[in-house]
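Presented below is the structure to which this report refers.
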Amino acid sequence: MTYFSLNHNSPEVSLEEAVIRGLAPDKGLYFPKTIQQLPDSFFQNIENLSHVDIAYEAIKQFVGNEIPEEDLKPILKDVLSFDFPIVEIDENIASLELYHGPTMAFKDVGARFMARCLGYFNSKNQNTNKITVLVATSGDTGGAVASGFLGVDGVDVVILYPSGKVSDIQEKQLTTLGQNITALEVDGVFDDCQDMVKTAFLDQDLKGKRNLTSANSINIARWLPQMFYYFFSYKTLKQKDKKLVFSVPSGNYGNICAGMMAQKLGLPIHHFVTGTNANNIIPEYLKTGNYLTKASIATISNAMDVGAPSNFIRIEALHNNNFEQLRANLSGYSYTDSETLDAINFLKTQYNYTADPHGSIGYLALKNYITQHPDSYGIFLETAHPIKFLPVMPKQIADQIEMPSQIKSILHKEKKSVKISSYNQLKHFLLNNP
Ligand SMILES: *Cc1c(COP(=O)(O)O)cnc(C)c1O
């Protein structure tokens with residue numbers, strides 16, 4: 001498969017090069033050159049296929065001959081070694097729980113897939129330089145990337161996180177793994193971490209010394225595997241015989257965009273709903289037609305505090321850059337923190353369901369849509385385990401959440417981080433810790 005840059009000013013590349021580069025030289029996001037619908041027989045027969053077989057059918061055209069079936073299937077088996085349960089909440093509303101992986105947020109699947117692809121490509125070309133994955137996190141991305149890349153040969157991971165701004169559990173997930181993972185604790189906020197990472201990617205002094213790549217959802221290998229969830233849900237919900245609607249709490253729009261790719265491959269999804277917090281760029285765009293990015297606003301659903309959603313350009317490409325076509329496929333609603341907390345309380349009292357702040361926004365947006373379209377069956381994506389957001393959960397509900405084993409096992413581990421407060425310190429670290 002060939003990938004081109006959506007800025008149309010860079011050469012086309014293989015999957016391997018797209019994964020290693022992350023972003024194209026013209027700063028565009030990579031996008032597959034062709035997209036082939038899957039045959040009807042695949043959808044007719046999907047209930048008889050395992051998760052690994054479904055994932056393989058969905059992704060194989062995007063991998064092409066770069067990873068043969070006998071290597072790709074074991075990678076997928078390893079990536080998908082946990083459950084993706086659908087929990088029915090109400091007659092026509094269900095929660096798709098994407099938090100049963102090692103770091104308890106949906107980013108595990110993409111991070112694990114990307115890590116194993118890089119590991120595979122490294123093992124093929126023994127002589128290539130070591131790769132350094134450099135990533136800034138406001139919480140969830142860092143943990144998923146750290147866990148996904150742990151022990152992968154030929155890859156070092158350097159994670160920048162804002163000191164004191166991530167939850168205790170998230171910090172443990174970043175700082176206790178060791179081996180090829182280093183956590184840099186930045187005296188600043190998330191935007192400072194992000195700025196330092198961006199500066200490093202452009203720094204000519206680092207070129208040739210560190211082979212840097214990113215691991216956020218701009219990377220094709222982190223973005224694409226997220227489409228698997230939608231196929232898995234269809235396998236379970238196919239017999240419902242209603243119009244399937246997915247509501248996705250969104251920040252950088254990688255997850256929902258992967259769902260739209262699944263739809264493009266022929267998965268019968270009737271409509272998408274995006275729920276946001278106060279960072280309501282896309283709901284506003286759908287309403288007004290004006291695409292206005294802003295500085296991000298801090299909220300209790302902080303994994304979605306994004307003022308310039310990086311994957312939106314891929315969503316436009318999937319809709320032929322046609323606003324009306326997009327608007328027919330996507331509805332968007334935004335919610336305040338207090339509405340989010342009300343929804344967490346409502347889900348608990350009404351249905352005895354504990355949702356995290358992100359999933360709750362997905363629920364609110366879905367409810368809004370379903371009320372107007374009662375012939376639909378809606379699935380909201382519960383993108384993280386509520387335990388990851390304990391400090392902002394209503395206390396009564398927080399007190400009842402049981403500590404999952406993935407979290408229990410890291411709480412006693414010792415935190416190891418390197419404190420930095422300026423770009424020069426990051427640069428010094430990168431140049432002196434090969
Ligand atoms: C990253 C994240 C999101 C947002 O996903 P995007 O793909 O960036 O839209 C939502 N919820 C949680 C818990 C996350 O970690």
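Ligands are counted one by one from 1 in listed order, and the atoms in each one are counted from 1 as well.
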Are there any protein N or O atoms under 3.5 Å from the N or O atoms of ligand 1? List them with distances, or say none.
from	atom 1	to	atom 2	distance (Å)
ligand 1	7 (O)	Gly254	N	3.1
ligand 1	7 (O)	Asn255	N	2.9
ligand 1	8 (O)	Asn252	N	2.8
ligand 1	9 (O)	Gly251	N	2.8
ligand 1	9 (O)	Asn252	N	3.3
ligand 1	9 (O)	Tyr253	N	2.9
ligand 1	11 (N)	Thr383	OG1	2.8
ligand 1	15 (O)	Lys107	NZ	2.5
ligand 1	15 (O)	Asp140	OD2	2.6

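- Listed by chain and residue number, Lys415 satisfy the salt bridge (charged side-chain N to carboxylate O under 4.0 Å, His left out) test with Glu171 (two or more places apart in sequence, or in another chain).
- For Tyr30 and Phe4, the distance between ring centers is not under 6.0 angstrom.
- Ion pairing of Lys388 with Asp356 is absent here, as no side-chain N (NZ or NE/NH1/NH2) approaches a carboxylate O to less than 4.0 Å.
- In summary, Lys395 and Asp399 engage in a salt bridge, as defined by a charged side-chain N under 4.0 Å from a carboxylate O.
- Arg116 and Asp78 are joined by a salt bridge, as a carboxylate oxygen and a charged side-chain nitrogen come within less than 4.0 angstrom of each other.
- Using a 4.5 Å heavy-atom threshold, the side chains of Tyr369 and Thr371 count as separate.
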